[in-house]
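Because the structure is a prediction, the values reported are computed rather than measured.
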Amino acid sequence: MTYLAKPKLLRPDTPKNALGYTKRDYEGAISTLCAGCGHDSISAAIVQCCFDLDIEPHRVAKLSGIGCSSKTPDYFLGNSHGFNTTHGRMPSVLTGAALANRDLLYLGVSGDGDSASIGIGQFAHAMRRGVNMVYIVENNGVYGLTKGQFSATADKGSKSKRGVVNNDTPIDLVALALQLGATYVARSFSGDKEQLIPLIKGAMRHRGSALLDVISPCVTFNNHAGSTKSYDYVREHNEAINKLDVILPKDKITASYAPGELRRIVQHDGSVLHLRKLHEDYDPSDRVGAMNYLQERHALGEIVTGLIYVDSSAEELHRYLNTVETPLNQLGVAELCPGNEALAALNESLRRGA
Ligand SMILES: Cc1ncc(C[n+]2csc(CCOP(=O)(O)OP(=O)(O)O)c2C)c(N)n1
Ligand code: SF4
Ligand SMILES: [Mg+2]
């Protein structure tokens with residue numbers, strides 16, 4: 001793959017975050033995606049979130065599968081850990097990494113093909129196990145990298161660039177994640193960074209499995225009339241249910257709101273999700289209500305975006321498995337290998353149990 005380095009020289013007044021890093025410290029190589037691809041806007045949003053949240057780059061592990069979307073981790077967080085896995089297998093590699101070292105922020109980046117076709121089994125199990133991760137699907141309704149075949153998220157009746165109609169029922173990864181027990185579920189649009197950035201931030205501060213389905217138009221193969229994943233279509237059918245601000249414990253609250261206008265959701269780490277309702281009847285703490293709402297709105301041709309569901313008291317896989325807090329690579333031989341006597345005692349207990 002082409003590798004282009006970005007110039008390192010910065011103006012002396014370039015803004016720095018609390019760690020002394022500039023946004024450049026969170027960027028990666030220059031993108032080789034098509035100009036205007038939605039995926040590049042998502043990369044920019046991730047850079048902005050990590051800069052704003054003062055995340056130490058070496059504390060992030062970014063993992064992906066195969067596809068244009070899965071290539072993007074090369075274009076952000078160049079100083080973080082990265083693993084470009086095989087097609088559809090990112091969730092299991094991420095789960096293994098997270099179990100070995102709980103101290104990192106796990107960022108899974110995938111595509112609709114990667115997650116809803118070949119990787120759907122892996123996607124489902126990562127969601128239902130409560131792996132502590134931010135899982136971003138860059139959803140364009142096609143296999144961009146292999147030249148624009150319909151993916152499993154393409155809507156029934158939508159048309160390919162050559163006019164072929166898709167007759168298959170779409171898979172909605174948001175609906176699936178809700179059904180499978182994900183504890184932070186959101187949908188956004190790569191063309192709306194005002195909405196997208198806080199949703200990614202909230203997911204990064206969430207404990208448990210967080211899914212973000214981001215509609216991300218493929219300008220080369222799926223941005224025409226007849227597509228339901230084009231910039232124009234999404235702008236016309238976008239129904240935002242709420243507006244999110246993420247307030248960190250260190251932040252001062254500057255905005256003032258009328259009583260009842262705002263819902264405050266405190267997460268495990270003390271961060272506060274400030275949710276302003278745009279749809280009066282919508283409750284993001286009601287999983288079943290969210291599933292029904294999505295179906296109803298989808299039938300009307302609307303694309304529901306915003307924070308769709310959150311359980312701020314959620315737990316995650318390490319708690320369920322009662323695993324050791326120390327990353328495995330920091331344990332010594334004594335802890336990792338308890339010795340022959342312990343092994344013999346364990347075997348004996350199993351024989352007795354049989
Ligand atoms: C095992 C395997 N099967 C098929 C492929 C071919 N392939 C590469 S990327 C891709 C689909 C990518 O689509 P998506 O995840 O939606 O990413 P996009 O390019 O649209 O961002 C396919 C089928 C592959 N690389 N490996
Ligand atoms: S083919 Fe589509 S998804 Fe891939 S880089 Fe180009 S616009 Fe983006
Ligand atoms: Mg795709």
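Separation of the Phe221 and Tyr143 ring centroids does not fall under the 6.0 Å cut-off. The aromatic ring centres of Tyr282 and Tyr293 sit less than 6.0 Å apart.
Using modelled atom types, no side-chain atom of Asp213 and backbone atom of Arg187 make a donor-acceptor pair closer than 3.5 Å. The closest donor-acceptor contact from the side chain of Lys277 to the backbone of Glu280 lies under 3.5 Å. Not a single donor-acceptor pair under 3.5 Å links the side chain of Arg352 to the backbone N or O of Asn347. Between the side chain of Asn242 and the backbone N or O of Leu275, no donor-acceptor pair lies under 3.5 Å. Arg297 places no side-chain N or O within 3.5 Å of a backbone atom of Ile303 that could act as its donor or acceptor partner. In this structure, the side chain of Ser271 does not engage the main chain of Ile247 through any donor-acceptor pair within 3.5 Å. In this structure, the side chain of Glu316 does not engage the main chain of Val131 through any donor-acceptor pair within 3.5 Å. In this structure, the side chain of Asp232 does not engage the main chain of Ala225 through any donor-acceptor pair within 3.5 Å. His268 contributes a side-chain N or O that, together with a main-chain N or O of Ala314, makes up a donor-acceptor pair within less than 3.5 Å. Formation of a donor-acceptor pair under 3.5 Å by the Ser43 side chain with backbone atoms of Phe76 is not found in this model.
Judged by distance alone, the side chains of Ser70 and Ser64 never bring a donor and an acceptor atom under 3.5 Å apart. A donor-acceptor contact closer than 3.5 angstrom is absent between the side chains of Ser230 and Arg235. A donor-acceptor pair shorter than 3.5 Å can be found between the side chains of Gln195 and Ser188. A donor-acceptor contact closer than 3.5 angstrom links the side chains of Thr22 and Asp25. One side chain, Arg263 or Ser285, offers a donor N or O that lies under 3.5 Å from an acceptor on the other. There is a side-chain donor-acceptor pair under 3.5 Å between Glu239 and His279. Neither side chain, Glu296 nor Asn292, offers a donor N or O lying under 3.5 Å from an acceptor on the other. Using modelled atom types, one finds a donor on one side chain and an acceptor on the other under 3.5 Å when comparing Tyr135 with Ser115. If you check the side chains of Tyr26 and Asn17, you find a donor sitting under 3.5 Å from an acceptor.
Atom NZ of Lys62 and atom CG of Leu94 lie 13.5 Å apart (nearest 0.5 Å). Atom-to-atom distance recorded for Lys16:NZ and Arg24:CZ is 13.5 Å, nearest 0.5 angstrom. Between Asp311 atom CG and Ile265 atom CD1 the span is 10.0 Å, to the nearest 0.5 Å. Atom CD of Gln295 is separated from atom CG of Asp172 by 7.0 Å, given to the nearest 0.5 angstrom. Rounded to the nearest 0.5 Å, atoms NE2 (His206) and OG (Ser312) are 8.5 Å apart. Taking OG of Ser190 as the start and NZ of Lys229 as the end, the distance is 12.5 Å to the nearest 0.5 Å.
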Show which side-chain atoms of residues 145-158 pair as donor or acceptor with protein atoms under 3.5 Å away, not counting sequence neighbours.
residue : atom : partner : partner atom : Å
Thr146  : OG1  : Gln149  : OE1          : 2.9
Gln149  : NE2  : Thr146  : O            : 2.8
Ser151  : OG   : Asp112  : OD2          : 2.6
Ser151  : OG   : Gly141  : O            : 3.4
Ser151  : OG   : Thr153  : N            : 3.2
Ser151  : OG   : Thr153  : OG1          : 3.2
Thr153  : OG1  : Asp112  : OD2          : 3.4
Thr153  : OG1  : Asn139  : OD1          : 2.8
Asp155  : OD1  : His298  : NE2          : 3.3
Asp155  : OD2  : Thr228  : OG1          : 2.6
Ser158  : OG   : Asp155  : O            : 2.7

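Note: the hydrophobic cluster containing Ile241 also contains Val174 (ILVMFWY, side chain heavy atoms under 4.5 Å, direct or indirect links). Using a 4.5 Å cut-off between side-chain heavy atoms of Ile, Leu, Val, Met, Phe, Trp and Tyr, with links allowed through other members, Phe51 and Leu19 fall into the same hydrophobic cluster. Taken together through direct or relayed side-chain contacts under 4.5 Å among Ile, Leu, Val, Met, Phe, Trp and Tyr, Met133 and Ile46 form parts of separate hydrophobic clusters. Note: the hydrophobic cluster containing Ile42 also contains Met204 (ILVMFWY, side chain heavy atoms under 4.5 Å, direct or indirect links). Cluster annotation: Leu331 is not connected to Leu104 through the hydrophobic network of ILVMFWY side chains, with a link wherever side-chain heavy atoms come within less than 4.5 Å.
Thr323 approaches Arg102 most closely through the heavy-atom pair O-NH2, 3.0 Å. Contact detail for Ser209 and Ala126: the closest heavy-atom pair is CB-O, 4.1 Å. When every heavy atom of Asp114 is checked against every heavy atom of Gly88, the shortest pair comes out as OD1-N, 2.7 Å. When all heavy atoms of Cys34 and Asp40 are compared, the pair lying nearest together is O-OD2, 4.2 Å. Closest of all the heavy-atom pairs between Val219 and Cys37 is CG2-N, 3.9 Å. For the pair Ser160 and His224, the tightest heavy-atom approach, listed with the atom from each and the gap, is C-NE2, 3.2 Å.
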Test log, rule side-chain contact (heavy atoms from CB on, under 4.5 Å), inputs Tyr75 and His39: CA-CA 10 Å; Tyr75 314 137; His39 299 350; over 6 Å; no
Step by step, would you call Asn101 with Leu328 a side-chain contact (heavy atoms from CB on, under 4.5 Å)? CA-CA 6 Å; Asn101 184 351; Leu328 300 190; over 6 Å; no
Would Leu176 and Leu211 count as a side-chain contact (heavy atoms from CB on, under 4.5 Å) if you check the C-alpha gap in whole Å, the side-chain angles of each, and the deciding distance to 0.1 Å? CA-CA 10 Å; Leu176 253 189; Leu211 171 78; over 6 Å; no
Evaluate the criterion side-chain contact (heavy atoms from CB on, under 4.5 Å) for residue pair Leu173 and Phe123; output intermediate values, then yes/no. CA-CA 9 Å; Leu173 291 173; Phe123 170 86; 3.8 Å; yes
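The 12-atom threshold is exceeded at CG of Asn329, counting heavy atoms of other residues, nucleotides or ligands nearer than 6.0 Å. Heavy atoms from other residues, nucleotides or ligands lying under 6.0 Å from CD of Glu348 number more than 12.
The shortest side-chain heavy-atom distance between Gln267 and Arg205 falls under the 4.5 Å cut-off. Looking at heavy atoms from C-beta onward, Asn132 lies out of side-chain contact with Leu317 at the 4.5 angstrom threshold. Side-chain contact between His274 and Val272 is present, with heavy atoms from C-beta onward closer than 4.5 Å. Side-chain contact between Val185 and Arg287 is absent, with no heavy atoms from C-beta onward closer than 4.5 Å. Between Asp192 and Thr305 the shortest side-chain heavy-atom distance does not fall below 4.5 Å. Leu294 places none of its side-chain heavy atoms less than 4.5 Å from the side chain of Tyr309. Here the side chains of Leu99 and Leu321 are in contact, with some heavy-atom distance below 4.5 Å.
Sorted by first and then second residue, the salt bridge (Lys or Arg N to Asp or Glu O under 4.0 Å) pairs involving residues 75-97 (not counting sequence neighbours) form an empty list. Sorted by first and then second residue, the salt bridge (Lys or Arg N to Asp or Glu O under 4.0 Å) pairs involving residues 329-343 (not counting sequence neighbours) form an empty list.
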